[in-house]
There are 2 protein chains.
Amino acid sequence: MPLAEPTETLSTPATDATERILAAAKDLFSESGFDAVSMNAIADRAGVSKANVFHHFKSKNDLYLAVLKIACSKSHAQIDQLGSDKDSFVARLRDYSVSHLASILQDEKISRLIQRDLLENGPQRGKEFAEQVFGQNFARLVDILRSGQKKGELRKEIDPAMLATLLIGADVFFFQSREVLRHFPDVSFTAAPERYSAMLAEILLHGILPKP
Amino acid sequence: MPLAEPTETLSTPATDATERILAAAKDLFSESGFDAVSMNAIADRAGVSKANVFHHFKSKNDLYLAVLKIACSKSHAQIDQLGSDKDSFVARLRDYSVSHLASILQDEKISRLIQRDLLENGPQRGKEFAEQVFGQNFARLVDILRSGQKKGELRKEIDPAMLATLLIGADVFFFQSREVLRHFPDVSFTAAPERYSAMLAEILLHGILPKP
DNA sequence: CATTACATTGACCGACCGGTCAGTCAGTGC
DNA sequence: GCACTGACTGACCGGTCGGTCAATGTAATG
């Protein structure tokens with residue numbers, strides 16, 4: 001729990017040019033990527049002059065980093081309910097499978113932004129942000145899986161990190177490929193993410209082989 | 001007819017400016033994406049003038065499409081050995097799991113190029129190419145799974161398209177995230193793709209629950 | 001040799017890029 | 001009234017972008 005910003009998100013919602021710039025930048029960057037978005041376009045959508053954008057953010061990269069930081073901090077708070085011990089391990093994993101994909105789909109712009117960032121940059125820029133927030137969620141998921149494994153709720157041959165990768169990867173792949181998958185006649189679940197999540201949990205829990 | 005060169009792909013490999021341009025464009029596009037690569041850079045790397053690039057390709061988009069077309073056609077021929085009936089279904093699926101990931105990792109540039117294209121464009125451009133080649137492999141995989149299911153080698157509750165999505169998605173996610181995953185202390189398989197493939201098959205075949 | 005066809009080139013264009021700058025304006029403390 | 005500040009702007013900078021074009025080289029054909 002780092003520090004929670006007071007109420008500025010509600011005190012100056014539309015009046016503050018900075019927030020309008022940030023919102024415009026988030027939209028445009030997530031739609032088209034860093035290079036394809038000009039500062040003129042951001043300024044136009046925010047309803048301010050380009051010079052004013054440079055007044056609030058010292059460079060295009062600085063603005064991009066600010067957008068990414070906000071996006072990451074928002075996705076911080078989400079994946080916290082899956083640790084509760086009240087239900088059975090199987091039920092909790094099913095819950096996680098559904099809620100994780102739902103949270104990815106909830107703010108498509110943020111997901112696309114982070115995903116794009118992980119792909120685009122070779123050397124530097126916001127990679128650390130994404131790695132940090134992604135790594136945090138990943139480690140938390142691995143911990144939960146490992147503790148479940150110690151209680152015998154998970155086969156001991158399973159690598160928890162492998163399972164975590166599979167859980168996250170299945171959702172990420174669904175998110176980024178659903179527009180393509182949608183056109184395949186064999187695929188029936190693109191319009192029903194919760195069904196995808198359910199089938200995913202089913203396969204992971206029981207495998208694909210017939211019961212002997 | 002003093003000149004008789006039937007196999008032009010081998011007769012003029014490096015002399016032909018067109019091929020040098022295509023190779024340079026493939027490298028640069030896969031490294032940095034469409035927008036971030038200038039025609040000057042492509043011309044420089046190919047060792048020709050920029051005007052000559054426009055002589056052989058009518059626009060930047062045209063060159064990009066040509067590169068994508070070649071990339072897709074190359075990946076066409078690969079995923080064909082998994083249909084052979086000689087081995088058991090389990091063995092074939094294990095084989096596929098390994099060989100599919102290996103083929104993705106084999107030509108990283110092509111994989112990155114296609115992946116980037118699927119992410120970048122909203123409306124048009126090479127999406128059809130990727131959909132076509134991807135859809136072909138996907139349909140083939142689904143067919144094989146479905147036939148195995150009819151023979152009782154696969155639980156009848158399993159959706160073949162879902163399983164295919166999982167198989168492909170796990171590999172794609174591994175490919176695109178391994179640079180990030182590599183820094184996570186829990187992850188031990190980033191340097192050993194064949195171990196990742198083996199664990200994937202293990203989990204999919206038998207599930208993660210302890211045997212009753 | 002003249003002609004034809006094409007590969008190749010440097011010079012060049014208008015548009016737009018990220019970024020700067022001098023200056024306007026509203027608000028605030030004294 | 002005055003000084004000061006920060007938000008804000010239009011005009012502008014050097015540079016790069018995709019793309020064009022007239023001219024040159026070069027080899028084959030007549």
Side-chain angles (χ1 to χ4, degrees), chain A residues 8-9 11-29 31-68 116-117 120-121 123-126, chain B residues 1-6 8-9 11-29 31-68 116-117 120-121 123-126:
Chain A
E8 74 169 6
T9 53
S11 62
T12 54
T15 341
D16 193 10
T18 300
E19 302 209 7
R20 291 208 314 276
I21 294 170
L22 282 169
K26 183 185 100 176
D27 288 357
L28 294 173
F29 281 143
E31 281 169 17
S32 314
F34 182 83
D35 291 314
V37 173
S38 74
M39 295 298 263
N40 265 317
I42 295 173
D44 281 353
R45 179 176 291 213
V48 299
S49 68
K50 185 176 70 165
N52 194 17
V53 177
F54 280 97
H55 173 70
H56 291 285
F57 302 92
K58 72 170 187 250
S59 71
K60 186 183 184 183
N61 209 66
D62 193 57
L63 171 59
Y64 178 77
L65 251 53
V67 170
L68 210 62
R116 204 184 279 277
D117 181 75
E120 281 196 2
N121 62 355
Q124 76 278 36
R125 234 182 11 218
Chain B
M1 15 236 86
L3 52 100
E5 294 170 333
E8 68 171 11
T9 54
S11 64
T12 54
T15 342
D16 193 10
T18 300
E19 303 208 7
R20 291 208 314 276
I21 293 171
L22 282 170
K26 183 184 100 176
D27 288 357
L28 293 174
F29 280 144
E31 282 169 16
S32 313
F34 183 82
D35 291 314
V37 173
S38 72
M39 295 298 263
N40 267 315
I42 295 173
D44 280 354
R45 179 175 290 214
V48 300
S49 68
K50 186 177 70 166
N52 195 18
V53 177
F54 280 96
H55 173 70
H56 291 285
F57 302 92
K58 71 171 187 248
S59 71
K60 185 183 184 181
N61 208 66
D62 192 57
L63 172 57
Y64 178 78
L65 249 56
V67 170
L68 211 62
R116 204 184 277 279
D117 180 74
E120 282 196 2
N121 61 357
Q124 76 278 33
R125 234 184 8 218

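Order of the sequence lines sets the chain letters (A, B, ...), proteins ahead of strands, with each chain counted from 1.
Neither OP1 nor OP2 of D:dG6 sits under 4.0 Å from any side-chain N or O of A:His56. Within the structure, every side-chain polar atom (N or O) of B:His55 is placed at least 4.0 Å from both OP1 and OP2 of C:dT8. Regarding contacts with the backbone of D:dA7, every side-chain N or O of A:Asn52 stays at 4.0 angstrom or more from both OP1 and OP2.
Of the possible polar contacts, none joining the B:Lys26 side chain to the B:Ile21 backbone as a donor-acceptor pair under 3.5 Å is found.
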Discussion item. For A:Phe57 and A:Leu22: C-alpha separation, side-chain torsions, deciding distance, then whether side-chain contact (heavy atoms from CB on, under 4.5 Å) applies.
Written reply: CA-CA 10 Å; A:Phe57 302 92; A:Leu22 282 169; 3.8 Å; yes
Fill in: Worked verdict on A:Leu63 versus A:Lys60 for side-chain contact (heavy atoms from CB on, under 4.5 Å)
CA-CA 5 Å; A:Leu63 171 59; A:Lys60 186 183 184 183; 5.8 Å; no
Discussion item. Assess the residue pair A:Phe29 and A:Leu68 against the criterion (side-chain contact (heavy atoms from CB on, under 4.5 Å)); give the C-alpha distance rounded to whole Å, side-chain angles, the decisive distance to 0.1 Å, and a yes or no.
Written reply: CA-CA 10 Å; A:Phe29 281 143; A:Leu68 210 62; over 6 Å; no
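Ring geometry for A:Phe34 versus A:Tyr64: interplanar angle over 60°, hence perpendicular rather than tilted (30 to 60°).
Distance CD1 (B:Ile42) to P (D:dG19): 11 Å, rounded to an integer number of Å. As a whole-Å value, the separation of B:Tyr64 OH from D:dG18 P is 14 Å. If you take CG of B:Asp44 and C1' of C:dT9, they are 14 Å apart, rounded to a whole angstrom.
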Practice prompt. Report, as a single string ordered 5' to 3', how protein heavy atoms within less than 4.0 Å touch nucleotides 18-23 of chain C: B base, S sugar-phosphate only, - not at all.
Written response: BBBB--
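Closest heavy-atom contact between A:Arg116 and A:Glu31: NH2-O, 3.1 Å.
For the pair A:Ala41 and B:Ser49, both in contact range of DNA chain C, the more 5′-proximal nearest nucleotide belongs to B:Ser49.
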